[in-house]
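Written below as structure tokens is the structure these notes are about.
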Amino acid sequence: MKYIQKQAEPLLFTRWKAAHPDAKYSVDLSNVSDAAARAAKTALKNSLLAEQKYICCYCECRISDANSHIEHFKPKDPTQFPHLQLEYSNLFASCTKQPTGSPDEHCGHKKDNFYSSDLISPLEPDCSNHFAYKMDGTIEGTDVRGRLTVEKLHLDSALLDRQRKRLIDDFINIDDEAELQSEITEHLDTSKVVLGEFFTMVEYLHANGQL
């Protein structure tokens, strides 16, 4: 999980909320027959993707509008945090458009309506410090909060393990050491508009001399 620095919410979304002070996310903002709501939601989604530099807020796989959804860190469920359902600081872009119900489901759809104050948020500057990675693509929590987060988001799903391992293999199959280090430096360049996927895994393995 990589720290996300929230930016100002998009003006179109702000104006839509001001015009609809009693609006609900699922009922009003998601009303596909309302052109103003569609425009506000599109602006919101694009803003979330851009500030995350097109990686999932939890697992850090590559995302776009086509393969992601707007995630509520504190659930919009009416019995929990309904007052935060349109709060920009509570919104992120998470991988996978729709829930699949598969054994490999992970991140926002897996978390669903679960919330605990121990769940690690990508808004915590040290969020990446709660996780460790191995060269086989596996992840583990390094403390109680990290282990809870891995479990509830299913960050250790077999699918994610395979995806992370493929990226590791791409690096270790580079024979020339100078080229390898150049590729890693490029992958970890935070000035780019699009971040390298599984950013903190690569950063962790590189810092520990494994890549």
Side-chain angles (χ1 to χ4, degrees), residues 1-5 45-71 92-100 102-111 120-143 146-147 149-211:
M1 189 181 297
K2 188 180 187 307
Y3 172 50
I4 295 171
Q5 292 182 287
K45 181 76 170 295
N46 289 339
S47 180
L48 296 172
L49 289 167
E51 75 181 6
Q52 293 173 207
K53 299 192 174 186
Y54 303 92
I55 60 174
C56 173
C57 63
Y58 297 133
C59 74
E60 302 177 42
C61 74
R62 172 72 60 241
I63 57 173
S64 65
D65 177 59
N67 69 350
S68 64
H69 68 278
I70 295 175
E71 161 71 357
F92 301 93
S94 179
C95 60
T96 314
K97 194 78 167 178
Q98 299 291 340
T100 64
S102 78
D104 279 324
E105 190 142 72
H106 53 274
C107 295
H109 289 314
K110 178 64 175 179
K111 179 173 75 66
I120 297 167
S121 164
L123 296 185
E124 297 177 37
D126 68 341
C127 61
S128 63
N129 294 339
H130 296 273
F131 308 97
Y133 301 88
K134 296 181 180 178
M135 290 294 286
D136 60 1
T138 56
I139 183 177
E140 60 183 20
T142 58
D143 55 23
R147 289 189 288 274
T149 303
V150 168
E151 175 193 353
K152 294 302 182 181
L153 299 178
H154 202 193
L155 297 178
D156 56 350
S157 78
L159 175 62
L160 285 174
D161 288 349
R162 290 193 299 271
Q163 291 176 340
R164 289 187 292 251
K165 181 62 164 60
R166 278 198 296 270
L167 178 59
I168 291 168
D169 287 343
D170 286 343
F171 282 119
I172 63 178
N173 287 333
I174 298 174
D175 294 328
D176 183 80
E177 181 63 23
E179 181 183 351
L180 170 61
Q181 296 308 314
S182 176
E183 288 291 329
I184 292 173
T185 299
E186 175 74 11
H187 195 88
L188 298 178
D189 183 357
T190 57
S191 70
K192 296 194 301 183
V193 173
V194 178
L195 277 182
E197 63 177 345
F198 304 121
F199 182 96
T200 55
M201 177 193 72
V202 175
E203 185 178 52
Y204 176 91
L205 293 175
H206 183 58
N208 285 278
Q210 296 172 273
L211 273 182

Q.
So that I can tick it off, tell me whether Asp170 and Arg166 are bridged by a salt bridge, with the cut-off set at under 4.0 angstrom between side-chain N and carboxylate O.
A.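 No, this pair does not count.
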Q: Determine which pairs satisfy side chain to side chain donor-acceptor pair (under 3.5 Å) with at least one residue from residues 151-163, sequence neighbours left out, and list them in order.
A: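 For residues 151-163: Asp161-Arg164.
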Taking [X] for the side chain and [Y] for the main chain, is one N or O donor matched with an acceptor at less than 3.5 Å?
X	Y	value
Glu51	Leu48	no
Lys45	Ala93	no
Lys110	Asp104	no
Ser94	Gly108	yes
Asp126	Asn129	no
Gln52	Ile4	no
Ser182	Ala178	no
Asn208	Gln210	no

Q.
Tell me if the centroids of the rings in Phe171 and His187 come within less than 6.0 Å of each other.
A.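 Yes.
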To the nearest 0.5 Å, how far apart are [atom1] in [X] and [atom2] in [Y]?
X	Y	atom1	atom2	result
Arg62	Lys53	CZ	NZ	11.5 Å
Leu180	Ile172	CG	CD1	9.5 Å
Cys107	Leu155	SG	CG	5.5 Å
Gln181	Glu183	CD	CD	10.5 Å
Lys192	Leu188	NZ	CG	9.0 Å
Phe92	Ile63	CZ	CD1	11.5 Å

(Q) Looking only at side-chain N and O atoms, does Ser191 offer a donor or acceptor that is under 3.5 Å from a partner on Asp189? (A)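 There is such a pair between these side chains.
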Q: Examine the side chains of Tyr133 and Thr200 and answer whether a donor and an acceptor come within less than 3.5 Å of each other.
A: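 Checked: Tyr133/Thr200 side chains pair up, N/O donor to acceptor below 3.5 Å.
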Should [X] and [Y] count as side-chain neighbours, where that means a heavy-atom distance under 4.5 Å?
X	Y	result
Lys2	Leu195	yes
Tyr3	Gln5	yes
Tyr58	His106	no
Met1	Leu153	yes
Thr100	Glu105	yes
Asn67	Lys97	no
Thr149	Phe131	yes
Thr96	His109	yes

**Q.** Heavy atoms from other residues, nucleotides or ligands near NZ of Lys134 exceed 12 (cutoff 6.0 Å)
**A.**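 Atom NZ in Lys134 is not crowded, with 12 or fewer foreign heavy atoms closer than 6.0 Å.
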Q: Check the pair Cys61 / Ile55 against side-chain contact (heavy atoms from CB on, under 4.5 Å), numbers first and verdict last.
A: CA-CA 5 Å; Cys61 74; Ile55 60 174; over 6 Å; no
Q: Report the C-alpha distance between Ser121 and Cys127 in whole Å, list the side-chain angles of each, state the deciding distance to 0.1 Å, and finish with yes or no for side-chain contact (heavy atoms from CB on, under 4.5 Å).
A: CA-CA 7 Å; Ser121 164; Cys127 61; over 6 Å; no
